[in-house]
Every structure is written in structure tokens, then in C-alpha cells.
Participant: 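This is the structure I have questions about; it appears just below.
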Amino acid sequence: MLWSSTLYETARVDEVERSIYQMERNGFMLDVAYCDDKRRLAEADEAECMGRLEAWRHSFQHTVADFNWASSQQVIGLLHDHLDLPPSPVWKKGRVDIRAGERKLDETALDWLIHRVPPTVAPGLKELITLRRIRGSIKYLGKLPGFVAPDGYVHPVSGPASDSDDRAGTITWRLACKNPEVMQIPTDPRKDPYRVRRAFIAPPGHTLLVADEKALEVVVLAHLLVCLFDDHQLAGAVAPGAPDIHSVNARRVFGEFLDWTRHGRPVKGFPLEAFQSDDFPQLKQLRQDIKAVWYGLMYGKSAYGFATSLRDENDNPVGEEVAGRIVEALLAAIPGVARYQNYVAEYVVRHHGIPGLGGAWCDLSYLTKTGNEWAVKRAIRIGQNYPCQEGGARIIGAALADITADRVLWDAGLRVERQVHDELDCRVPTASDLSMVKDRVEAHMTRFPLKAPLQVSLGYGANWDEA
DNA sequence: CGATCACGG
DNA sequence: ACGCCGTGATCG
């Protein structure tokens with residue numbers, strides 16, 4: 001039924017597994033000198049930052065000895081007990097139950113505070129965010145060189161689900177990776193001023209090729225909508241040449257449905273390009289917002305959750321009413337998504353599980369058979385997400401297997417180094433025919449028989465950051 | 001060893 | 001219990 005029989009009859013589990021072992025053997029090269037240099041720099045910055053923080057703390061007569069800025073409890077004591085700052089009602093994952101005594105000081109909560117405390121207090125909070133970011137970079141700069149094996153390469157452990165306990169894996173058949181956790185290396189320059197990704201270098205005589213499946217899980221969803229309902233709208237929206245889907249949604253939802261104004265003009269009057277332009281930061285924000293709503297919806301998030309995660313122009317949570325209108329407008333713009341959600345909800349309740357594209361059955365009976373309302377809702381959220389996440393994993397897994405098995409690419413010296421959910425990173429000898437390599441890699445990555453078009457973006461560079 | 005925080009998709 | 005899937009450092 002459904003979608004599973006229309007695709008690859010087998011999940012090619014053993015081929016994928018062999019490719020993973022090959023990828024581990026290939027390993028990747030690390031610029032140890034770069035790590036050491038940046039770590040020393042970061043540690044000096046950390047010491048300065050800490051000095052400013054301590055001075056700030058003492059300026060408020062907080063004289064506790066051996067105060068630990070890494071301790072949540074101690075920071076709560078400083079900010080909420082000693083300085084008597086109001087508790088933040090929000091954190092990264094949603095609401096804070098203030099009445100129950102819950103206190104959160106993650107970056108989202110600190111950000112909320114920064115906009116609402118006296119100007120003498122705010123600098124310390126900003127400094128604390130800076131300290132955490134510096135330490136986030138140091139974590140990797142310090143430990144990565146330790147993973148370099150005698151052969152000069154780092155060989156992380158990665159693997160699919162249902163492997164033995166000492167290997168990595170997920171229930172959706174995505175790969176996981178550890179020792180080191182290469183999938184968690186920061187990509188956002190604001191979170192990592194020291195650019196850890198620059199330490200992931202191509203070996204001498206090689207260049208790094210990064211091949212990324214564009215909007216992989218959205219394409220899978222588009223495929224499902226065609227299979228289930230013969231609905232081609234989303235497939236058309238992700239087709240080559242189609243305008244950027246998040247810009248379209250932003251203008252449609254905030255402009256046409258909600259009739260909002262930004263930069264002193266109606267949002268609906270702007271050209272689509274403006275939503276990705278640095279000249280219009282407010283429009284860019286709207287595009288980011290609708291993108292967040294889009295992915296949140298795919299994973300089962302509701303207006304309740306968006307009420308705290310979406311912010312208005314003054315950085316206040318938009319509230320459930322506005323969030324509800326945004327969700328409603330987006331679902332009206334892409335009706336297939338709501339139809340999919342309802343379909344899956346019914347299916348999960350009736351069958352106590354959901355199949356994936358590769359034919360695997362995701363059992364949810366441990367939730368649906370409890371009869372508990374919250375458990376059933378959780379089962380439905382997992383069921384809505386599972387085919388998209390699992391489908392994406394099968395597609396990139398098949399691509400990995402095909403690229404690894406391609407003798408032409410192998411003989412050209414191409415070696416897969418990493419897989420990051422929708423991205424494959426390979427090293428390629430600089431002397432090889434790069435356009436041939438590029439064409440073959442792209443062909444493998446788009447081979448999976450989908451009813452929605454899958455596109456690949458390719459980048460080259462001397463290191464992971466550049467590529 | 002559970003909770004908090006942070007990073008990625 | 002109102003967002004899915006992960007790894008890991010650190011605290012208490």
C-alpha cells in the first residue's frame with residue numbers, strides 16, 4: 001500500500017553498510033596546526049571574556065568564591081536570586097513553567113532577558129553568551145587532534161540503526177556518527193567565530209567536493225503527496241527553475257493572507273528576490289520564520305509551539321492567536337500538507353504504525369495502544385515525520401552505495417569521507433577530471449525513483465568551510 | 001546517572 | 001506531555 005511498493009523493492013541495507021565501512025576506512029584529514037593555533041587564540045579570548053564577566057559580577061557585590069559560569073544552578077542563583085532578574089517565559093524548546101519554579105538560562109532565555117534588563121546588567125548577559133560560544137569552539141579545537149590515527153587520518157565510527165550498541169544509528173535509518181561527532185560541527189559563523197570546519201581539509205593533491213541534496217525531506221513529502229493524492233503542487237514548487245519555495249510562502253502568507261507591512265510597505269508588493277536580499281533584513285526574517293514554520297509543521301509542531309518560537313518586530317513572542325493564523329495561512333497555501341497530516345493521523349491510529357519508503361515498519365503501538373491522548377498525539381507526530389526522515393535516509397544511503405560502488409569514480413581517486421544526512425563529502429585528486437566526477441556524483445544522488453524532482457548543489461574547496 | 005545546554009540535519 | 005532524529009561536555 002501507500003508509497004513503499006512504488007520504490008526500490010529492497011532497502012539495499014548490506015550495500016549501504018559496506019559503504020559505511022568503506023567511508024570509515026577512508027577517513028578524513030585534519031589540519032592539526034590550525035586546531036592548535038585557533039585553540040590557543042580561543043583560550044586567550046576565553047580568559048579575557050571571563051575577566052570581564054568576573055568584573056561585571058563583582059560590580060553587583062556578588063562575591064561568591066569559585067563561582068562556576070558553566071553551572072546552571074549557580075548562574076540561576078546569580079541572576080534570579082542575587083540580581084532578582086525576572087525569569088524568562090521562553091527557552092529554545094518552548095515555554096518555561098515559571099509558576100512551578102522552573103528557570104531556564106539557555107541562549108533563547110538570555111536573549112529574552114537582554115532586551116528587558118537595565119543597561120548595566122545586559123552586557124554581562126551578552127558576555128555569558130560569548131563565553132559559551134568560545135567554549136563551544138574550544139570543545140572541538142581541543143579534542144579533534146586527538147582523533148588523528150597513526151595513518152594521519154581521522155576515522156569516525158558511523159552506522160545505521162539496529163546495529164550493535166557500540167555503533168551509532170537511528171530508528172529512521174539515518175546514519176549517526178561519533179568519535180568524533182562530525183555531524184555536530186558548527187556551520188553558523190556566529191556560533192563559531194574560530195571556524196572549526198576549516199580544519200577539515202583535503203589531503204595534499206586533493207580537493208573537497210561537497211554534494212548536498214536540496215530540501216531533501218521536502219522533496220520526499222512532495223513525492224508522498226503525488227503517490228497518495230496525485231497532488232503535484234509541491235512537486236512543482238521544488239522543480240528546477242521554480243522560485244524559492246520559502247520566499248513564495250513568506251510573501252503568500254505574510255503578504256497576501258495576513259496583509260502585513262515591512263520596511264514601510266505592504267509585504268505582498270515586494271519582488272520575491274527581496275526575501276533573500278541583505279537590503280531587506282525584515283523580509284529575510286519573514287522568510288526564515290516561514291521556513292521554521294514549514295519544517296516545524298512537517299515534524300508535528302502546532303500553533304501552541306509557534307506561539308513562543310516566533311517573534312514579532314520587537315522580539316516578543318507572537319502568541320497563539322497570531323501563530324494560529326500563520327499556520328492556517330500556510331496550510332491553505334499548500335493544502336496537500338494538511339491532507340497528508342490527516343491521512344497519517346488516521347493511518348497511525350488504525351494500524352498502530354507507519355511504513356517508510358524502504359519498506360521498514362515503524363511500530364507505534366507502544367504509544368497508540370495506551371489509549372492515552374498525549375501518547376496518541378506523540379505517535380501521530382512521529383508517524384508524520386517518519387516517512388520523510390526515513391525516506392531521506394534511504395535516498396542518501398542509496399546514493400552513498402552507488403558512489404562507493406562506482407569503479408570509474410574509485411579509479412579517479414574519489415573517496416567518500418562523510419555523510420551528513422543530506423550531504424556527501426568526498427575528496428578528489430585535483431588532477432582528476434572534475435567535471436566528469438561532478439556529473440557522475442550528481443547522477444548517483446538523483447537516481448532514486450521519486451515522483452518529485454530532486455536537485456543537488458555541488459561545491460569545491462580546500463576545506464569543509466570553503467566547499 | 002538524570003538534567004541542562006549546545007551543535008547538526 | 002503541545003517539534004522529529006541524533007552526540008557529547010558538564011554539573012550535582
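Note on naming: letters A, B, ... go to the chains in the order of the sequence lines (proteins, then strands), and numbering restarts at 1 for each one.
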Participant: Given atom CZ of Arg190(A) and atom C1' of dC7(B), what is their separation to the nearest angstrom?
Facilitator: 14 Å
Participant: Where the side chain of Thr187(A) is concerned, which of dA6(B), dG8(C), dG8(B) is the nearest nucleotide?
Facilitator: dG8(B)
Participant: Within the pair Lys178(A) and dG8(C), is there a side-chain N or O less than 4.0 Å away from OP1 or OP2?
Facilitator: no
Participant: Classify the nucleic acid contact of Leu105(A) as base, sugar-phosphate or nothing, counting any heavy atom under 4.0 Å across all strands shown.
Facilitator: sugar-phosphate
Participant: With a 4.0 Å limit, can you tell me whether Lys143(A) has a side-chain N or O closer than that to the phosphate oxygens OP1/OP2 of dA9(C)?
Facilitator: yes
Participant: Using the P atom in both, what is the distance from dG2(B) to dG3(C), to the nearest Å?
Facilitator: 24 Å
Participant: Of the nucleotides dT7(C), dC4(C), dG9(B), which one has an atom closest to the side chain of Arg381(A)?
Facilitator: dC4(C)
Participant: Counting the atoms with a prime plus P, OP1 and OP2 as sugar-phosphate, which does Lys104(A) contact under 4.0 Å by heavy atoms, base, sugar-phosphate, or nothing?
Facilitator: sugar-phosphate
Participant: Rounding to an integer number of Å, can you tell me how far Arg135(A) CZ sits from dC5(B) C1'?
Facilitator: 13 Å
Participant: Please indicate whether Gln233(A) has more than 12 foreign heavy atoms, meaning atoms of other residues, nucleotides or ligands, lying under 6.0 Å from its CD.
Facilitator: yes
Participant: Nearest to the side chain of Ala176(A) - dG6(C), dG3(C), dG8(B)?
Facilitator: dG6(C)
Participant: Is the distance from OP1 or OP2 of dG12(C) to the nearest side-chain N or O of Gln74(A) less than 4.0 Å?
Facilitator: yes
Participant: Can you tell me the distance, in whole Å, between the CZ atom of Phe306(A) and the C1' atom of dC2(C)?
Facilitator: 11 Å
Participant: Side chain of Arg132(A), heavy atoms from C-beta onward: which of dC2(C), dG8(B), dC5(B) has the nearest atom to it?
Facilitator: dC5(B)
Participant: By the 4.0 Å heavy-atom rule, please label Ile185(A) as base, sugar-phosphate, or nothing.
Facilitator: sugar-phosphate
Participant: Take the protein atom CH2 of Trp69(A) and the nucleotide atom P of dA6(B), then report the distance between them rounded to whole Å.
Facilitator: 14 Å
Participant: Tell whether Gln389(A) reaches the base of dC4(C) with its side chain through a donor-acceptor pair below 3.5 angstrom.
Facilitator: yes
Participant: Looking for any heavy atom pair under 4.0 Å, which part of the strands does Glu217(A) touch: base, sugar-phosphate only, or nothing?
Facilitator: nothing
Participant: Roughly, in whole Å, what's the span from CG in Asp66(A) to C1' in dT10(C)?
Facilitator: 17 Å
